[in-house]
Amino acid sequence: MKNSAFSNYKVFAGNSHLELAEEIASIMGKPLGRATVNKFSDGEISVNLWETVRGLDCYIIQSTCNPVNDNLMEVLIMIDAMKRASAGRINAVIPYYGYARQDRKAKARDPITAKLVADLIVAAGADRVLTMDLHAAQIQGYFDIPMDHLIGMPILSKYFVEKGLENIVIVSPDHGSVTRARNMAQPFNAPIAIVDKRRPEPNKSEIMNIIGDIEGKNCILIDDMIDTAGTITNAANALRDLGAASVRACATHAVLSGPAIERIEDSAIEELVILNTVPIPDEKKIDKMKILSVAPLFAEAMTRVFTNGSISKLFD
């Protein structure tokens, strides 16, 4: 990757997840571009680029995680700065795409924030977006620019395959993750089960039933994100109560807000495997948590974008 053929691009980062950005840049053999992203005294975002980007492919690594609005504005303003500095192509690398849960009108007068954020990124001047495990796959269609959608499931699957677990059932914690569970079950040649739940209000879930045979099985719950952890812990406790031999859980985005850590600690989950698309502060790292890096996958995908290589072949 350090060949001169790869010299015409630069990698920058906002403040959301500098550790991941530095890891990606290191794998690509590039230092992070020199940029300062600060705030004025009234809270407005201030961006300064300290090196030329004229005519170059530029990559901005920024998860739109907490504080969501600050991180979103940072990436928008960085895109605008690069556009006005005549960057050749601006690629927004967003490992975790925030505001994705409001992706449709579920009831009257709902906003569709996933589309609104897509419009903002396009209007700012991005030429391409690279992200991972959108909350709903159709969000790709909200963009009027190319969108490369990476999948975190193979990283999680590889980890569990190497553990050598037997008698496995892959469990979807709700109906929305059934396809994800089915795809994860393939490397194990394992059956799936589905937790039938009702959500009376946001961030609250009630377990209704388990569809599938989980008694005496080693269950692996898979979801795209864990926010307050109500869904995943309720599902884990229900699996244990109905006779599962063990319960593990995995997810791509570890948002872990509110009572999430306390719920996970007190739950039937023996091991929680998550990816580092979102920074996880030390106070939220617990013994039963295993963090896997997405940096190699993003570095390879970004290199393929620059060289016009195939992204889909990453998952063949």
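- Looking at E51 and R34, a side-chain N of the basic residue comes within less than 4.0 Å of a carboxylate O on the acidic one, giving a salt bridge.
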**Request:** Mind running side chain to side chain donor-acceptor pair (under 3.5 Å) on T36 and N48 for me, showing each step along the way?
**Result:** CA-CA 5 Å; T36 305; N48 289 285; 5.6 Å; no
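- Taking the side chain as every heavy atom from C-beta outward, F12 and V53 approach each other to under 4.5 Å.
- In this structure, the side chain of R304 does not engage the main chain of I311 through any donor-acceptor pair within 3.5 Å.
- Side-chain polar atoms of S46 and N38 form no donor-acceptor pair below 3.5 angstrom.
- R180 pairs in a side-chain contact (heavy atoms from CB on, under 4.5 Å) with only one of the listed residues (I170, I151, D223), which is D223.
- Residue I280 comes nearest to L256 through the heavy atom pair CG2-CD1, 4.5 Å, listed as atom of the first residue, atom of the second, then distance.
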**Request:** Any chance you could lay out the side-chain contact (heavy atoms from CB on, under 4.5 Å) test for L116 and Y142, step after step, and finish with the verdict?
**Result:** CA-CA 9 Å; L116 173 62; Y142 295 173; over 6 Å; no
**Asked** Where do I60 and V93 land on the side-chain contact (heavy atoms from CB on, under 4.5 Å) test, with the steps shown first?
**Response** CA-CA 6 Å; I60 305 169; V93 181; over 6 Å; no
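- Atom CG of D110 has more than 12 heavy atoms from other residues, nucleotides or ligands within 6.0 Å.
- Listed here is the closest heavy atom pair of T303 and A299: OG1-O, 2.8 Å.
- Put simply, the side chain of R101 does not reach to within 4.5 Å of the side chain of T113, judged on heavy atoms.
- Once rounded to the nearest 0.5 Å, the distance linking CZ of F315 with CG of N183 reads 11.5 Å.
- A donor atom on one side chain and an acceptor atom on the other are not found under 3.5 Å apart for Y96 and Q62.
- More than 12 non-hydrogen atoms from other residues, nucleotides or ligands lie less than 6.0 angstrom from NZ of K284.
- Interatomic distance, K163 NZ to K290 NZ, rounded to the nearest 0.5 Å: 9.0 Å.
- Using modelled atom types, one finds no donor on one side chain facing an acceptor on the other under 3.5 Å when comparing E74 with S16.
- In this structure the side chain of Y97 reaches within 4.5 angstrom of the side chain of L134, judged on heavy atoms.
- Side-chain contact check for L49 versus M82: some heavy-atom pair is nearer than 4.5 Å.
- Using a 4.5 Å cut-off on side-chain heavy atoms (C-beta onward), I90 and M78 make no contact.
- Side-chain atoms of Q140 come within 3.5 Å of backbone atoms of A137 as a donor-acceptor pair (strictly under, hydrogens ignored).
- Between N234 atom CG and S267 atom OG the span is 9.5 Å, to the nearest 0.5 Å.
- Donor-acceptor pairing under 3.5 Å is lacking for the side chains of H17 and S63.
- If you chain together hydrophobic residues whose side chains sit under 4.5 Å apart, M225 and I286 never meet in one group.
- Atom CD1 of I232 and atom CD1 of I226 lie 5.0 Å apart (nearest 0.5 Å).
- Contact of the M302 side chain with the I24 side chain is registered, since non-hydrogen atoms from C-beta on lie closer than 4.5 Å.
- Residues L297 and L314 form a side-chain contact, since some pair of their non-hydrogen atoms from C-beta on lies under 4.5 Å apart.
- Taking CG of N218 as the reference point, atom OG of S246 lies at 3.5 Å (rounded to 0.5 Å).
- For the pair D80 (side chain) and K83 (backbone), a donor-acceptor distance under 3.5 Å is absent.
- Taking 4.5 Å as the limit, some side-chain heavy atom of F160 sits within range of a side-chain heavy atom of I220.
- Cation-pi geometry between K30 and Y9 is satisfied (NZ or CZ under 6.0 Å from the ring centre, within 45° of the ring normal).
- In this structure, the separation between CZ on R104 and NZ on K107 is 10.0 Å, given to the nearest 0.5 Å.
- At least one donor-acceptor pair under 3.5 Å links the side chain of N167 to the backbone N or O of G216.
- The pair E265-K288 does not meet the salt-bridge criterion, since no charged nitrogen lies less than 4.0 angstrom from a carboxylate oxygen.
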**Item:** Intermediate values then yes/no, side-chain contact (heavy atoms from CB on, under 4.5 Å), Y99 and T64
**Value:** CA-CA 8 Å; Y99 281 112; T64 50; over 6 Å; no
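- Under the side-chain hydrogen bond (donor to acceptor under 3.5 Å, both in side chains) criterion, the residue pairs touching residues 127-138 are D103-Q138, R128-D148, D133-T252, H135-D224, with sequence neighbours excluded.
- When atom types are taken as modelled, the side chain of S177 and the backbone of P173 share no donor-acceptor pair closer than 3.5 angstrom.
- Shown here is K105, whose NZ atom has more than 12 heavy atoms of other residues, nucleotides or ligands within 6.0 Å.
- Residue-environment remark: CD (E283) exceeds the threshold of 12 foreign heavy atoms within 6.0 Å.
- Around atom CD of E215, no more than 12 heavy atoms belonging to other residues, nucleotides or ligands sit under 6.0 Å away.
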